[in-house]
Amino acid sequence: MSKDKKSGGKAAADPSAKDTHYANLRRAHRDAKRERGEIPTPQPQKRKRGPEDWKPPALAPDQVYLYGLHTVRAALDNPERKKIKLSVTQNALARLEIDVETLGIAFEIVSPHEIDKVLGPEAIHQGVILETRPLPVRRLEALKDSPLLLVLDQVTDPHNVGAIMRSAVAFNAGAVITTQRHSPTESGVLAKSASGALELIPYIQITNLADALGELHKLGFSTIGLDSEGPAPLEGTFSGDKVALVLGSEGKGLRQKTRETVTALARLDMPGAIKSLNVSNAAAIALYAARLYLKA
């Protein structure tokens with residue numbers, strides 16, 4: 001006699017359905033934490049690699065591919081972002097929780113492999129890619145009413161710049177300003193690292209940093225360059241009611257011309273054996289200190 005018959009004709013509960021339900025809950029919780037930056041995304045080498053001869057498609061100057069659930073959702077919500085085409089897997093579409101009929105852009109359901117062919121086998125795209133135009137160009141003059149800015153002197157790693165943008169948004173900075181050369185342009189890698197922050201803060205690329213600092217001085221900003229050998233601690237260097245923090249590149253720090261142009265040089269006092277931090281960590285600490293000063 002079967003187990004169903006022994007139990008009075010009732011079908012035994014399927015344990016796999018319960019397991020699937022809890023697996024989905026765990027996955028959703030993990031994805032939410034990852035999108036908030038609380039846990040890291042999986043390392044690229046853990047993903048199955050595609051052909052080694054993959055080459056990225058040639059992009060037009062006004063063409064940007066954004067990917068990742070949180071990044072794309074933020075871009076879709078940004079009225080200043082011109083959206084061209086959304087390509088998404090059926091599963092990712094359900095997780096985006098959007099009404100594609102109201103988007104007003106081209107839309108298609110694709111397989112993960114089709115997105116891999118565009119982004120490469122190592123991109124953690126989460127099943128969605130959005131073709132867009134770059135965000136509108138912003139001018140320094142538009143920042144005159146913002147009390148806090150962040151300036152980057154040739155920070156080259158888009159992952160660092162993305163993390164810095166998240167901190168800048170968290171501490172309500174008015175913009176992230178960087179150089180056109182030796183700095184990442186608007187891209188999918190930068191946007192994914194920023195996890196939505198690229199849509200929430202102006203990313204202004206200027207030609208000459210010394211000239212830009214001079215313009216900020218005319219707008220009433222005190223510019224403070226972060227240097228591990230700075231003459232005084234950062235918290236004792238603030239002055240005025242508008243502050244622009246200036247951070248140097250990952251390896252060389254501030255360039256000599258930048259050191260000569262800023263209002264003051266300052267250091268982050270660290271009592272431990274390590275006296276320097278990753279530029280994104282230093283930016284977060286400096287922003288926190290600047291906010292405390294501006295609130296006082």
Side-chain angles (χ1 to χ4, degrees), residues 135 137-156 160-184 190 194 197-198 200-250 252-269 276-296:
L135 287 167
V137 175
R138 303 290 185 91
R139 304 297 178 188
L140 296 181
E141 175 64 25
L143 306 175
K144 60 183 179 181
D145 295 326
S146 176
L148 179 59
L149 303 176
L150 200 57
V151 182
L152 305 180
D153 185 7
Q154 296 191 348
V155 177
T156 59
N160 276 337
V161 176
I164 288 169
M165 294 184 78
R166 284 180 56 81
S167 295
V169 171
F171 290 105
N172 200 29
V176 173
I177 301 166
T178 188
T179 53
Q180 289 181 350
R181 296 185 61 195
H182 306 294
S183 297
L190 174 61
L198 180 61
L200 300 174
I201 188 170
Y203 181 57
I204 302 175
Q205 292 188 286
I206 45 84
T207 303
N208 186 292
L209 183 56
D211 290 347
L213 292 174
E215 187 173 345
L216 291 179
H217 293 156
K218 293 177 182 178
L219 293 174
F221 284 91
S222 169
T223 58
I224 302 177
L226 270 291
D227 187 323
S228 59
E229 303 297 326
L234 174 62
E235 55 269 31
T237 310
F238 293 117
S239 63
D241 56 3
K242 293 197 286 187
V243 174
L245 299 167
V246 188
L247 290 91
S249 65
E250 294 90 342
K252 298 179 180 179
L254 297 174
R255 290 176 293 166
Q256 184 61 34
K257 182 65 173 177
T258 305
R259 293 167 181 267
E260 296 170 355
T261 308
V262 295
T263 306
L265 291 171
R267 66 179 184 270
L268 295 176
D269 262 348
S276 63
L277 295 172
N278 173 279
V279 63
S280 63
N281 293 331
I285 295 171
L287 285 164
Y288 177 74
R291 269 294 160 202
L292 286 180
Y293 163 76
L294 291 169
K295 286 172 60 178

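Each residue takes its place number in the sequence, starting with 1. Since this is a predicted model, take the numbers as computed values, not measurements.
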Taking every non-hydrogen atom, the tightest pair across Pro184 and Val155: CD-O, 3.2 Å

d(Asn172 CG, Leu200 CG) to nearest 0.5 Å is 11.0 Å

OG of Ser280 to CD1 of Ile164, rounded to nearest 0.5 Å, is 6.0 Å

Pairs flagged by ring pair (Phe, Tyr, Trp, His ring centres under 6.0 Å) wherever residues 206-225 is involved - sequence neighbours left out: none

So, taking the atom named CD in Glu260 and the one named CG in Leu254, what distance separates them when rounded to the nearest 0.5 Å? 11.5 Å

Determine whether a donor-acceptor pair (N or O, by modelled atom type, separation under 3.5 Å) exists between the side chain of Asp153 and the backbone of Arg255. yes

Between Ile201 and Ala173 the two heavy atoms that sit nearest each other are CD1-O, 3.5 Å

Could you go through the side chain to side chain contact (heavy atoms under 4.5 Å, CB included) check for Thr179 and Thr207 one step at a time? CA-CA 6 Å; Thr179 53; Thr207 303; over 6 Å; no

Test side chain to side chain contact (heavy atoms under 4.5 Å, CB included) on Thr178 and Val151; report intermediate values, then the result. CA-CA 6 Å; Thr178 188; Val151 182; over 6 Å; no

Could you check if a side-chain atom of Leu198 sits within less than 4.5 angstrom of a side-chain atom of Leu135, using non-hydrogen atoms only? yes

Tell me the closest heavy-atom pair linking Thr237 and Leu265, and the distance in Å. CG2-O, 4.3 Å

Specify the closest pair of heavy atoms between Asp211 and Asn208, including all atoms of both residues, with the distance to one decimal. N-OD1, 2.8 Å

To the nearest 0.5 Å, tell me how far Ile177 CD1 sits from Tyr203 OH. 11.5 Å

With a 4.5 Å cut-off on side-chain heavy atoms, are Thr223 and Thr261 touching? no

Find the distance between CG (Leu213) and NZ (Lys218) and round it off to the nearest 0.5 Å. 12.5 Å

What one should report as the nearest heavy-atom pair of Leu294 and Asp241 is CD2-O, 3.7 Å

Minimum heavy-atom separation for Val176 to Ala168, with atom names? CG2-CB, 3.8 Å

For Arg181, salt bridge (charged side-chain N to carboxylate O under 4.0 Å, His left out) partners two or more places apart: none

Using atom types as modelled, flag every donor-acceptor pair under 3.5 Å from a side chain in residues 242-249 to any protein atom, sequence neighbours excluded.
unit_1	atom_1	unit_2	atom_2	d
Lys242	NZ	Lys144	O	2.7
Lys242	NZ	Leu219	O	2.4
Ser249	OG	Lys252	N	3.3
Ser249	OG	Gly253	N	3.4

Under the rule for side chain to side chain donor-acceptor pair (under 3.5 Å), what residues qualify as partners of Glu229, not counting sequence neighbours? none

Separation between CG of Leu148 and CG of Leu150, rounded to the nearest 0.5 Å: 7.5 Å

Hey, does Ser222 have a side-chain heavy atom less than 4.5 Å from the side chain of Ile224? yes

Pairs touching residues 283-296 that satisfy side-chain hydrogen bond (donor to acceptor under 3.5 Å, both in side chains), sequence neighbours left out: none

List the residues meeting side chain to side chain donor-acceptor pair (under 3.5 Å) with Asp269, not counting sequence neighbours, and say none if there are none. Arg267

